[in-house]
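All remarks here apply to the structure that follows.
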Amino acid sequence: MIILGVDIGGSGIKGAPVDTEKGTMLSDRFRVPTPEGAEPAEVADVVAEVARNFDWKGPIGAGFPAVIQHGVAKTAANVHKSWIGTHAEELFSKSTGCPVRVLNDADAAGMAEMRFGAGRGRNGVVFIITIGTGLGTAVFTNGVLVPNTELGHIEMDGQDAEMQASDAARQRDNLKWAQWGKRFNRYLQRLDALFWPDVFILGGGASKKIDKFLEVLDVHAEIVPAELENEAGIVGAAIAAEALVTAQ
Ligand code: BGC
């Protein structure tokens, strides 16, 4: 199926048509900077701009950095608070004129890794962690997603883990990769002790530097880098929207 995948992030909104059987993008991704403040109406306009850029008339899948239950945003850790309670699917369907499926951004990246990347053929308990502005998590058991796990927000030293172990925290505190890696390791150890996953797949921007911190990570689970890098969010969002087509 050919579906437009859109990845809505804190700094950019990116999209490309995706062949969901092959897991490939059919053109370069089109990127628009996320509008200042990222309020719903403005983001919806940008999603429409992405669709227009590809002259798109078909189904769209969009990953969004919040809990998305039945199309409605329920949290807003790194986006404008007015998203809470906003029906993102209806909003984007209206702005684009296309059927839209919206899901959590880490869940989208996880779906792409499971089908086409580092999670391919993996059974058992698989955790995908996207390390960026936030810490996103996607949990799969025997290939089935448990949606909307918000494990970037577990408590660590009396604080939200994301405030210490995200890539934004590394930049904010001006840490070397190994220094940040030690913090991130404490975060992984918490998840490891609570959930005993078979494998952690590390994705997001920081995963490109995994060679600089892999050796300080010490958990029972296997650790592997994500394979789809930048494209996972777009490809996974498109995969999630396949259901729009099969439901017709
Ligand atoms: C949000 C998650 C999101 C993650 C990555 C967190 O702050 O709560 O919903 O998946 O950031 O963007």
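Counting starts at 1 for both ligands and their atoms, following the listed order.
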Give every pair made of an N or O atom of ligand 1 and a protein N or O atom lying under 3.5 Å apart, one pair per line with both atom names and the distance to 0.1 Å, or write 'none'.
residue	atom	partner	partner atom	Å
ligand 1	7 (O)	Asn78	ND2	3.1
ligand 1	7 (O)	His153	NE2	3.4
ligand 1	7 (O)	Glu162	OE1	2.7
ligand 1	7 (O)	Glu162	OE2	3.1
ligand 1	8 (O)	Glu150	OE1	2.5
ligand 1	8 (O)	His153	NE2	2.7
ligand 1	9 (O)	Ala66	N	3.4
ligand 1	9 (O)	Asn104	ND2	3.0
ligand 1	9 (O)	Glu150	OE1	3.4
ligand 1	9 (O)	Glu150	OE2	2.6
ligand 1	10 (O)	Asn104	ND2	3.1
ligand 1	10 (O)	Asp105	OD1	2.6
ligand 1	12 (O)	Asp105	OD2	2.6

Query - Given Leu135, Asp160, Leu191, the one that forms side chain to side chain contact (heavy atoms under 4.5 Å, CB included) with Ile154 - result: Leu191
**Report entry** Mutual orientation of the aromatic rings belonging to Trp180 and Phe184 [parallel < 30°, tilted 30-60°, perpendicular > 60°]
**Finding:** parallel
Requested in this report: Tell me yes or no: between the side chains of Asp167 and Gln171, is some donor less than 3.5 Å from an acceptor?
Outcome: yes
Report summary line: CD1 (Ile210) and CZ (Phe213) are apart, to the nearest 0.5 Å, by 5.0 Å
Listed pairs under 3.5 Å, donor-acceptor, residues 13-24 side chains, sequence neighbours left out:
residue	atom	partner	partner atom	Å
Asp19	OD1	Glu21	N	2.9
Asp19	OD1	Lys22	N	3.2
Thr20	OG1	Met1	O	3.2
Thr20	OG1	Glu242	OE2	2.7
Glu21	OE1	Met1	N	2.9
Glu21	OE2	Met1	N	2.8

Requested in this report: Might you work through the salt bridge (charged side-chain N to carboxylate O under 4.0 Å, His left out) test for Arg186 and Asp157, ending with a clear yes or no?
Outcome: CA-CA 10 Å; Arg186 293 198 10 259; Asp157 301 335; 2.2 Å; yes
